[in-house]
Amino acid sequence: MDISQLLEGLNDPQRQAVTAHSGQTLVLAGPGSGKTRVLTYRAAYLVLAEGVRPYHILAVTFTNKAAREMGARLEKLLGEDDAKALWLGTFHAVCARLLRREVEYLPVKDNFVIFDADDQDNLTKRAIRDLRLDEKLYRPTAMHAAISTAKNNLILPKEYPSRTYRDEVVGRIYTRYQDLLVESNGVDFDDLLLYAVQILQDNPRLQEKYGTRFEQVLVDEFQDTNLAQYRLLRLLTTVHHNLFVVGDEDQSIYRWRGADYRNVLRFEEDYPRCQKILLEQNYRSTQTVLDAARAVIDHNTNRTPKRLFSDRGLGERITLYEAVDDHAEAAYVVDTIQQQVASGTARRADFAVMYRTNAQSRLLEEAFLQAGVPYRLVGAQRFYGRREVKDLIAYLRLVQNPSDEISLERVINVPPRGIGDKALVGLQLAAQGAGLSAGEVAMDLGRKGPDSTFWKGLGGRAAVSLADFGLKLASWRAQAASFSLPELFDKIVTDINYQPYIDDGSDEGNDRWGNVEELRRLSFEYSGVENGLTAFLETLALVSDQDTLPEQADAPTLLTLHADKGLEFGQVFIVGLDENLMPHSRSLDDPEEMAEERRLFYVGLTRARNRLFLVRADQRTTYGGYESSISSRFLRDIPEALLNHISSRYGRKSSFSGSGRESRTGREARKDRASRWDGDDQSTPSRRQPAAYAPSRPVTPNRPTPAPTTIQPRPVPVVQKYHSNLRVRHPVWGEGLVIDSRILDNEEMVDVLFESVGFKRLLASLAKLDIIN
DNA sequence: GCGTTACATATTTTT
DNA sequence: TATGTAACGC
């Protein structure tokens, strides 16, 4: 690849960044300003123009997906061999790789496993129980959050401050947690970073080794680095001091994970001679989108103000839709998408629907499902969080590392084999006494039977069950080396007789088995690989939500505002723009948190290329009944001139709340709705797991084209002819889609979105609307 | 040891 | 809602 060719397509600041002289470079890149491109070209430039060997370059991205994309681009620019030689990955993946190589410096053995969020919570629980503390008072999630924060800030158990009694307790839990983790031969997410920093810090030789190796270090999403990551970067650049970082304070949204956007400022302080480059031209969005985004973000202080500009023209106004409730909100989203798809103005894949909390996806999913519109959902938990998947991964982890106490506890009695609490505690005590892990003791029982020194202490019945389990584990371990990964997988599944256990013949059972088969399929990718089991488990532990997106599916994407980082879509819906949701209630009393909510909204806004739909609802279902909600403060910051305001509400709040609707309790309303779903079983797709890394719930179009949406008439409270999702024809305005319908003062009011004139509110008794089948 | 039931209890974001 | 856990009966 020719260098001048490479640089040709860049604007001035971009080129300046790509060709910057060695040393430290800080690129502040607004959304859509070609940040990823700059990063990729920088790496290519270093190789092609500066003669740096790819082997000497380290590039760190925020997600595995970003890493893959960058890798693919580099392959095109440099060729496969050179692209593969580069170290490229997330902080966590890079650290895992480093720790595997330098395991001798760690307190764990080389077959260590990586503990995911779930394991961490379980481990925290155990630590709390071990210390006989009250779980109600010291909630495992909160305790773990504290531990995680400490680790991200490089605070070790013994250094944990004990200013208050509570801190002192947290410190004790942290200590116990870490002991348990090491005993389990495990490393948690945060340890990956912490250990990497520690061993580099403590071993000048290692520092020199990697410092020499990495002549050039490139970092993406720098605003979301935490202290451990920042320190790591410093440690890795002690020899060559070549650090090229790209970021944007305005897009820092991971504070709760320890990220500190002030690292951007710190960078300038720590490297006074650094070059600072601003990328302000936006190639993604219309000016309207940018103006709105800017109006929102300009309320934040402590930032380098940027004036984003676009030459894409003004574009369309932003639609602000205020729905009656969250069901109507979801219906509006689906209707709008369907309508545009039907009229050919957009493809399904052009759309994204974003929300603040995962819980919000449910109603949306139901609405999509009911309308027969396929969708793809970002969220790893959907597949990897499933019980059957976790079970089998736990078995694999035990094979890899029998000391893994958490996995052992998880599966020692799955499927039930007569090992209850008592037997388990007995086993653990025996293990403790012998200075072994429970898994090792079980294996000893299995191999030696009644001759085992542990046999007597456990009492006949329990010992038999434990020995049976231990024998299986021992045999898998013995075979692991000679078996391919899928063979091992099959052996385990057969030996434990797993299928009848999870597949009871029901639809759900079928799905569960489908997930097992999917996991098996994934294991094939590691069948020929050296240390396939290790690699497989590591990949599983480090997959991110974004990584689970099926690539090409013509379907709208549903995702949280956090997961949208780095992505872009033709048209973006942001739903739930209500106080307490966006901004989230947890952020109200902390200005820093509030600023972050604002950034989160800003990031969402700037994902849109062409159109933005901001959506909210007057009432929402919370975990009980209905609650009224009010408009998000962020909406007020967007100039009216940019907005096209649509509301499906009736009159002002006062008249609305006095209406007959109010007399219906939330419960009744929900029942009413529930019955709409009933009898519709046909259209509920079986939830079989689709393609690799695809989430399980999302029901991407693994089902053939959806059957035409059959709408059950709503159980009629009064006489109501229309309801949402119905297609209607008007003599003048033509075809449209009913968004909502209400009985008010014995009149039916219908909201219709017409293809010709857009939104109209009609009285059913007056308007001549025909229902189209 | 296992399965059922009632009850309470929580609800942000994720590498 | 939905998830986990404590208590109970087999």
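First the proteins, then the strands, lettered A, B, ... as listed; each starts at 1.
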Participant: So, does A/Lys151 get its side chain near the phosphate of B/dT15, meaning an N or O under 4.0 Å from OP1 or OP2?
Facilitator: no
Participant: What is the distance from CE of A/Met594 to C1' of B/dT13, rounded to the nearest Å?
Facilitator: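 Taking CE of A/Met594 and C1' of B/dT13, I get 15 Å after rounding.
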Participant: What is the distance, rounded to the nearest whole Å, between atom CG of A/Leu588 and atom C1' of B/dT12?
Facilitator: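 Answer to the nearest Å: 12 Å.
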Participant: Describe the nucleic acid contact of A/Phe91 in one word from base, sugar-phosphate, nothing, applying a heavy-atom distance below 4.0 Å.
Facilitator: nothing
Participant: So if I take every side-chain heavy atom of A/Thr357 and compare against B/dT15, C/dT1, B/dT12, which nucleotide ends up nearest?
Facilitator: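 That would be B/dT12.
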Participant: Do we see a donor-acceptor contact under 3.5 Å between the side chains of A/Gln178 and A/Lys151?
Facilitator: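 Side-chain D/A pair, A/Gln178 to A/Lys151: present.
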Participant: Rounded to the Å, how far apart are A/Leu192 CG and B/dT14 C1'?
Facilitator: 14 Å
Participant: What nucleotide among B/dT15, B/dT12, B/dT14 has an atom nearest to a side-chain atom of A/Ala563?
Facilitator: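 Taking heavy atoms from C-beta onward, the closest nucleotide is B/dT14.
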Participant: May I ask you to verify if any side-chain N or O of A/Asn152 is less than 4.0 angstrom from the OP1 or OP2 atom of B/dT15?
Facilitator: no
Participant: In whole Å, what is the span from the NE2 atom of A/His144 to the P atom of B/dT12?
Facilitator: 16 Å
Participant: Between the side chains of A/Asp188 and A/Tyr177, is a donor N or O closer than 3.5 angstrom to an acceptor N or O?
Facilitator: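 Yes, A/Tyr177 and A/Asp188 have a side-chain donor paired with an acceptor closer than 3.5 Å.
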Participant: Rounded to whole angstrom units, what separation is found between the CG atom of A/Asp121 and the P atom of B/dT14?
Facilitator: 15 Å
Participant: Name the closest nucleotide to the A/Glu597 side chain, picking from B/dT15, B/dT12, C/dT5.
Facilitator: B/dT12
Participant: To the nearest Å, how far apart are A/Arg257 CZ and B/dT13 P?
Facilitator: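 The answer, rounded to whole Å, is 13 Å.
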Participant: Check ring pair (Phe, Tyr, Trp, His ring centres under 6.0 Å) between A/Phe214 and all other residues, then give those that pass, not counting sequence neighbours.
Facilitator: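 Per chain and number, A/Phe214 pairs via ring pair (Phe, Tyr, Trp, His ring centres under 6.0 Å) with A/Trp87.
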Participant: Do other residues, nucleotides or ligands put more than 12 heavy atoms under 6.0 Å from A/Arg101 CZ?
Facilitator: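 More than 12 heavy atoms, drawn from other residues, nucleotides or ligands, come within 6.0 Å of this atom.
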Participant: For nucleotides B/dT12 and C/dT5, find the distance between their C1' atoms and express it as a whole number of Å.
Facilitator: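 Looking at atom C1' only, B/dT12 and C/dT5 are 24 Å apart.
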Participant: Any cation-pi pair here, A/Arg397 with A/Phe115, using under 6.0 Å and within 45°?
Facilitator: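 Because its charged atom sits under 6.0 Å from the ring centre and within 45° of the axis, A/Arg397 does stack over A/Phe115.
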Participant: More 5' along DNA chain B: A/Thr141 or A/Leu193, using each one's nearest nucleotide?
Facilitator: A/Thr141
Participant: Mark yes or no: A/Arg100 above the aromatic ring of A/Phe112, with NZ or CZ under 6.0 Å from the six-membered ring centre and no more than 45 degrees from the axis.
Facilitator: yes
Participant: Any stacking of A/His562 on B/dT12, going by centres under 5.5 angstrom and planes within less than 30 degrees?
Facilitator: no
Participant: Spell out yes or no: do the side chain of A/Arg356 and the base of B/dT13 have one donor N/O and one acceptor N/O closer than 3.5 Å?
Facilitator: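 Side chain to base: pair found, below 3.5 Å.
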Participant: For A/Glu102, what residues pass the side chain to side chain donor-acceptor pair (under 3.5 Å) criterion, not counting sequence neighbours?
Facilitator: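 Checked A/Glu102 against side chain to side chain donor-acceptor pair (under 3.5 Å); matches are A/Lys209, A/Tyr210.
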Participant: Verify the contact: side-chain N or O of A/Thr560 to OP1 or OP2 of B/dT14, cut-off strictly under 4.0 Å; return yes or no.
Facilitator: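 Answer is yes, contact under 4.0 Å.
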Participant: On the side chain of A/Trp256, is there an atom forming a donor-acceptor pair with the base of B/dT12 - under 3.5 Å, no angle test?
Facilitator: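 Under the 3.5 Å cut-off, the side chain and the base do not form any donor-acceptor pair.
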Participant: In whole Å, I'd like the distance from the OH atom of A/Tyr355 to the C1' atom of B/dT14.
Facilitator: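 Taking atom C1' of B/dT14 as the reference, OH of A/Tyr355 is at 14 Å.
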Participant: Taking the cut-offs as 6.0 angstrom to the six-membered ring centre and 45 degrees off its axis, would you call A/Arg257 and A/Tyr254 a cation-pi pair?
Facilitator: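 That pair qualifies as a cation-pi contact.
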Participant: Go along nucleotides 1-10 of chain B 5' to 3' and tag each nucleotide: B for a protein heavy atom under 4.0 Å from its base, S when only backbone or sugar atoms are that close, - otherwise.
Facilitator: SS-------B
Participant: In whole Å, I'd like the distance from the CG atom of A/Asp589 to the C1' atom of B/dT12.
Facilitator: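 Those two atoms, CG and C1', are 14 Å apart.
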